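Quantities reported herein were computed from a predicted structural model and do not represent experimental measurements.
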Amino acid sequence: MPLLTGAEPFRHEGGETAVLLCHGFTGSPQSLRPWAEHLAERGLTVSLPLLPGHGTRWEDLGVTGWQDWYAEVDRELRLLRDRSARVFVAGLSMGGALALRLAARHGDAVSGVMVVNPANKVHGVAAHALPVLRHLVPATKGIASDIAKPLSRELGYDRVPLHAAHSLRNFFRLVDGELPQVTQPLLLMRSPQDHVVPPADSARILGRVSSTDVTEILLEQSYHVATLDHDAERIFRESTAFIGRLAPGAVKEPGLGKEGTTTGG
C-alpha cells in the first residue's frame with residue numbers, strides 16, 4: 001500500500017549527538033515531524049522511522065504486533081549508535097513506551113530519555129475482553145488527533161484494529177516490568193487534559209524507573225498529541241535544553257550546526 005501523504009519517515013544527518021524519535025500507536029511520523037525538524041535545525045542527527053503497519057491503512061496494522069514495532073526502533077538505535085557519540089531516545093504515547101524499553105535494554109548506549117504523554121496500560125473494561133473480542137470484532141473507533149489547537153490535525157487511522165490493540169496491551173505489561181532498568185536521565189512531559197492516556201500512566205512510570213535525574217513538566221494548554229498542540233514549542237525548547245545539559249556543545253544555534261542532509265517527505 002502507498003504511504004499516506006505526510007507519513008514518510010524523517011532522517012537528518014547532523015552532528016555526533018543523535019536523537020531517535022518514536023511515534024504513537026495508529027499514528028505516523030507526521031505527529032513528531034515538527035519536533036524532529038527543530039532538533040535537526042540545531043545540528044543534531046535525527047531519526048524518525050515509520051513503524052510497521054502504520055502510515056497506510058488500519059488493516060495493515062492489524063497484521064503486525066509489538067515485536068515488529070520495537071524491532072524497527074531497536075534497529076534504528078543500533079544504526080545511530082554505530083555513527084554517533086551519544087544517542088537520546090524520545091517518543092509520544094506508545095512511542096514513549098518504545099523509548100523507555102530501548103533505555104531499559106540498551107543501558108549506557110542511551111544517554112537520556114524524553115517522553116510526551118507516555119502510555120503504560122490499555123485501560124477500560126474492554127481491555128480485559130481483548131483476548132476474545134479481537135476474534136469477533138476487527139476494529140473499534142480511532143484515537144488519533146486528540147488536539148486542543150484549532151485546525152491542527154494528526155495523521156492517524158480512524159480505526160483501531162483489535163489484534164494490534166491486544167499486542168499493544170501485552171507490550172505495555174512487558175515494558176512495565178522493565179521500567180526499574182531505566183536509569184538514564186528522564187524528561188517526562190504530560191498533558192493534564194489528555195483524553196487518550198490518563199495521568200496514572202505517567203505516575204506509574206515515574207514511580208517505577210530507577211532514574212535519579214528526573215524532570216516532569218505539565219503541558220497545561222494541550223491534549224494528547226501535544227507535539228502538534230499549543231505546547232509544542234515548549235516541548236521543543238525543553239528537549240533541546242535537556243540534551244544541551246547532558247551533552248554540552250551538542251546543540252547549535254539554527255544555521256550554525258554541521259552541514260547535513262535530510263531525507264523524508
Side-chain angles (χ1 to χ4, degrees), residues 19-33 35-36 39 46-49 51 54 66 69-70 72-74 76-77 87-106 110-123 143-144 146-147 154 156 165 167-192 194-211 214-219 222-229 231-232 234-236 238-239 242-243:
V19 184
L20 170 58
L21 296 165
C22 310
H23 70 74
F25 183 63
T26 75
S28 75
Q30 177 261 356
S31 62
L32 298 183
R33 190 175 181 112
W35 192 5
L39 297 170
V46 182
S47 176
L48 170 53
L51 300 179
H54 292 76
W66 73 260
W69 315 325
Y70 180 75
E72 180 68 19
V73 295
D74 185 82
E76 284 295 316
L77 176 62
V87 181
F88 291 81
V89 295
L92 167 69
S93 195
M94 178 190 75
L98 291 169
L100 287 163
R101 186 165 202 246
L102 288 171
R105 293 182 64 86
H106 286 272
V110 172
S111 296
V113 185
M114 305 173 292
V115 292
V116 177
N117 293 321
N120 178 256
K121 183 179 180 180
V122 175
H123 296 269
I143 57 173
D146 182 37
I147 302 172
E154 179 187 22
S167 183
L168 178 66
R169 180 175 180 242
N170 292 336
F171 178 63
F172 285 156
R173 288 178 168 179
L174 176 68
V175 175
D176 187 69
E178 296 177 339
L179 286 176
Q181 299 172 39
V182 177
T183 60
Q184 297 89 342
L186 171 64
L187 172 62
L188 187 149
M189 297 171 278
R190 67 176 182 88
S191 305
D194 186 330
H195 305 100
V196 177
V197 174
D201 284 31
S202 287
R204 174 76 175 178
I205 290 166
L206 291 171
R208 287 185 58 76
V209 296
S210 298
S211 307
V214 177
T215 303
E216 180 183 15
I217 292 174
L218 297 185
L219 307 171
S222 300
Y223 294 164
H224 183 62
V225 191
T227 49
L228 296 178
D229 216 327
D231 292 294
R234 185 175 185 193
I235 292 170
F236 306 161
E238 296 287 356
S239 60
F242 178 77
I243 294 169

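Of the possible polar contacts, one joining the S222 side chain to the D231 backbone as a donor-acceptor pair under 3.5 Å is found. When atom types are taken as modelled, the side chain of D146 and the backbone of V225 share no donor-acceptor pair closer than 3.5 angstrom. In this structure, D194 contributes its side chain and V196 its backbone to a donor-acceptor pair below 3.5 Å. The backbone N or O of P199 lies less than 3.5 Å from no partner atom in the side chain of S202, so there is not a single donor-acceptor pair. With hydrogens and angles ignored, the 3.5 Å screen pairs a side-chain donor or acceptor of H23 with a backbone N or O of L51. A side-chain donor-acceptor contact under 3.5 Å links S239 to the backbone of I235. Under a 3.5 Å cut-off, the side chain of S210 and the backbone N or O of P180 do form a donor-acceptor pair.
The shortest distance between side-chain heavy atoms of F88 and L20 does not fall below 4.5 Å. At least one side-chain heavy atom of H224 sits under 4.5 Å from a side-chain heavy atom of S93. Side-chain contact between R190 and V116: absent, with no pair of heavy atoms (C-beta onward) separated by less than 4.5 Å. Using a 4.5 Å heavy-atom threshold, the side chains of D176 and K121 count as separate. A 4.5 Å side-chain heavy-atom check between R33 and L21 finds every atom pair outside the cut-off. A heavy-atom distance below 4.5 Å is not found between the side chains of L48 and W35. Taking the side chain as every heavy atom from C-beta outward, L168 and W66 never approach each other to under 4.5 Å. No side-chain heavy atom of V89 sits under 4.5 Å from any side-chain heavy atom of V19.
With 3.5 Å as the limit, one finds a donor-acceptor pair spanning the side chains of N117 and S191. No donor-acceptor contact under 3.5 angstrom links the side chains of H54 and T26, judged on distance only.
Distance check: Q184 CD to L102 CG gives 10.0 Å after rounding to the nearest 0.5 Å. If you take OG on S211 and CD1 on I205, they are separated by 11.0 Å, rounding to the nearest 0.5 Å. From E216, atom CD reaches atom CE of M189 across 11.5 Å, with rounding to the nearest 0.5 Å. Expressed to the nearest 0.5 Å, how far CG of L77 lies from CZ of R105 amounts to 11.5 Å. Taking OH of Y70 as the start and CE of M94 as the end, the distance is 13.0 Å to the nearest 0.5 Å.
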message: Evaluate N120 against F172 for side chain to side chain contact (heavy atoms under 4.5 Å, CB included), listing each step before the verdict.
response: CA-CA 5 Å; N120 178 256; F172 285 156; 5.7 Å; no
query: Between I217 and L187, is a side chain to side chain contact (heavy atoms under 4.5 Å, CB included) present by the stated rule, with each step listed?
result: CA-CA 8 Å; I217 292 174; L187 172 62; 3.8 Å; yes
- request: Check the pair T215, L186 against side chain to side chain contact (heavy atoms under 4.5 Å, CB included), reporting the backbone distance first and the verdict last.
  value: CA-CA 6 Å; T215 303; L186 171 64; over 6 Å; no
field: Worked check of side-chain hydrogen bond (donor to acceptor under 3.5 Å, both in side chains) between H106 and D74
entry: CA-CA 9 Å; H106 286 272; D74 185 82; 2.6 Å; yes
message: Is there a side chain to side chain contact (heavy atoms under 4.5 Å, CB included) between Q30 and L228? Walk through the geometry before answering.
response: CA-CA 9 Å; Q30 177 261 356; L228 296 178; 3.8 Å; yes
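Listed here is the closest heavy atom pair of A97 and F171: CB-CE2, 3.9 Å. A226 and L219 make their closest contact through CB-CD1, 3.6 Å (heavy atoms, listed as atom of the first residue, atom of the second, distance). The two residues A99 and V113 have their closest heavy-atom pair at CB-CG1, 4.4 Å. Nearest heavy-atom pair across S31 and E154 is CB-OE2, 3.9 Å. P185 approaches S111 most closely through the heavy-atom pair CD-O, 3.6 Å. The two residues C22 and L32 come nearest to each other via the heavy atoms O-CD1, 3.3 Å.
Only one option out of L92, V175, D201, L188 pairs with P118 in a side-chain contact (heavy atoms from CB on, under 4.5 Å); it is L188.
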